[in-house]
Amino acid sequence: MQPAQAPGPGVRRELDQESRDWLSDLRAEGMVYDAAVERLYELLLRAAGFEANRRAAGIASLDRSEIDQIVSDSAGDALVSVLARLDDFRGLSKFTTWAYKFAILETAVKLRKRAWRDREIPRAPEGWELVQDLRHAPDHDAEQGELLTAVRDAIATVLTPRQREILVAVAVNGVPIDVLAERLGSTRGALYKTLHDARRKLRATLVDAGFDGGELGDTS
């Protein structure tokens, strides 16, 4: 007997009764629809509040009123997203679990943007010294030093200025991708593609130089 396989992309599982009820009510009209939207908003509000309280402690000078506003805005934006994507729900989890994630994501994004609100985005330095020369450090052998030099040189010579700027900001200085997208007037998808292309170039260059290329991780 062959083991059961997980549904592939686009395949929907049979929904549990609670999820079916949610979808039915949110596709209804009148009072049934209004009541379902209100229940959904309360669910998303709780999710946003949980995520905000979990993350807010790490953000300096964030007062209670700002947290409450972020929670409210996140729940509202998540509600709009969920209602617009009802047809995307495939039943791989309960509807409430699926919807909950929208609020988590919205809250996380807004808090990251708030944390970077008054901070400058680090840019690639003039003269390019992204990877410091660690060849003489006691915990780095000659082979590691050669790799660091190869990576540094490849970043300086192979990447475009745009690829270098985004790689420095995200991969080196830890700027959240959504924050960088907003500052550069771009999108997350566009920046992820730029990062993918940059890492692919670096990996190819390392392979050509005799390294195995795995030091940069999966670039697929």
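Contacts classified as salt bridge (charged side-chain N to carboxylate O under 4.0 Å, His left out) and involving residues 166-180 (residues at least two apart or in different chains) are given here: Arg112-Asp178, Asp178-Arg188. Legend: ring pair (Phe, Tyr, Trp, His ring centres under 6.0 Å) pairs involving residues 20-40, not counting sequence neighbours, sorted by first then second residue: Trp22-Phe95. Among residues at least two apart or in separate chains, salt bridge (charged side-chain N to carboxylate O under 4.0 Å, His left out) pairs with a member in residues 98-111 are Asp77-Lys110, Glu106-Lys110. Within the structure, the salt bridge (charged side-chain N to carboxylate O under 4.0 Å, His left out) test picks out the following pairs touching residues 24-37 (sequence neighbours left out): Asp25-Arg39, Arg27-Asp87.
Applying the side-chain hydrogen bond (donor to acceptor under 3.5 Å, both in side chains) test to Glu18 and every residue at least two apart in sequence or in another chain returns nothing. Remark: Ile67 engages Ala52, Asn53, Ala56, Leu62, Arg64, Val71 in a side-chain contact (heavy atoms from CB on, under 4.5 Å) (not counting sequence neighbours). Residues meeting the side-chain contact (heavy atoms from CB on, under 4.5 Å) test with Thr187, sequence neighbours left out: Ala190. Residues satisfying the side-chain contact (heavy atoms from CB on, under 4.5 Å) criterion with Arg46, sequence neighbours excluded, are Glu42, Leu43. Residues that satisfy the ring pair (Phe, Tyr, Trp, His ring centres under 6.0 Å) test with Tyr100, not counting sequence neighbours, are absent from this structure. Under the side-chain contact (heavy atoms from CB on, under 4.5 Å) criterion, Asp197 pairs with Gln163, Lys193, Arg200, not counting sequence neighbours. Annotation: side-chain hydrogen bond (donor to acceptor under 3.5 Å, both in side chains) contacts of Lys94 (sequence neighbours excluded): none.
Side-chain contact between Glu165 and Thr160 is absent, with no heavy atoms from C-beta onward closer than 4.5 Å. Thr96 has its side chain out of reach of Leu40: every pair of non-hydrogen atoms, C-beta onward, lies at least 4.5 Å apart. Counting only heavy atoms from C-beta outward, the side chains of Gln17 and Asp21 approach each other to under 4.5 Å. No side-chain heavy atom of Thr107 sits less than 4.5 Å from a side-chain heavy atom of Phe50.
Separation of atoms CH2 (Trp98) and CZ (Arg90) is listed at 11.5 Å; rounding is to 0.5 Å. Here the CD1 atom belonging to Ile70 is positioned 7.0 Å from the CZ atom belonging to Arg114, to the nearest 0.5 angstrom. Note that the OG1 atom of Thr97 and the CG atom of Leu92 stand 11.5 Å from one another [nearest 0.5 Å]. How far CG of Leu167 is from CG of Leu191: 12.0 Å, rounded to the nearest 0.5 Å. Taking CG of Leu15 as the reference point, atom OG of Ser24 lies at 11.5 Å (rounded to 0.5 Å). Atom OG of Ser74 sits about 9.5 Å away from atom CG of Leu45, to the nearest 0.5 Å.
Val175 and Leu105 fall into different hydrophobic clusters, where Ile, Leu, Val, Met, Phe, Trp and Tyr side chains are chained together by heavy-atom contacts under 4.5 Å. In the hydrophobic clustering of this structure, Phe89 groups with Leu86; members are Ile, Leu, Val, Met, Phe, Trp, Tyr whose side-chain heavy atoms approach within less than 4.5 Å, directly or through other members. Both Leu180 and Tyr192 belong to a single network of hydrophobic side chains, linked directly or stepwise wherever heavy atoms of I, L, V, M, F, W or Y lie under 4.5 Å apart. Cluster annotation: Val170 and Leu202 are assigned to the same hydrophobic cluster (Ile/Leu/Val/Met/Phe/Trp/Tyr, side-chain heavy-atom contacts under 4.5 Å, transitive). No continuous path of ILVMFWY side-chain contacts below 4.5 Å connects Val109 to Leu184, so the two sit in separate hydrophobic clusters.
For Ile155 against Leu159, the heavy-atom pair with the smallest separation is O-CB, 3.7 Å. Summarising the geometry of Ala154 relative to Thr205, their closest heavy-atom pair is CB-CG2, 3.8 Å, with the distance given to 0.1 Å. What you find for Ala47 and Ala103 is that their closest heavy atoms are CB-CB, 3.7 Å.
Think of Val158 as one node in a network of Ile, Leu, Val, Met, Phe, Trp and Tyr side chains linked at under 4.5 Å; it has no links at all.
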**Item:** side chain to side chain contact (heavy atoms under 4.5 Å, CB included) between Leu111 and Glu66, worked out
**Value:** CA-CA 10 Å; Leu111 285 171; Glu66 287 183 288; over 6 Å; no
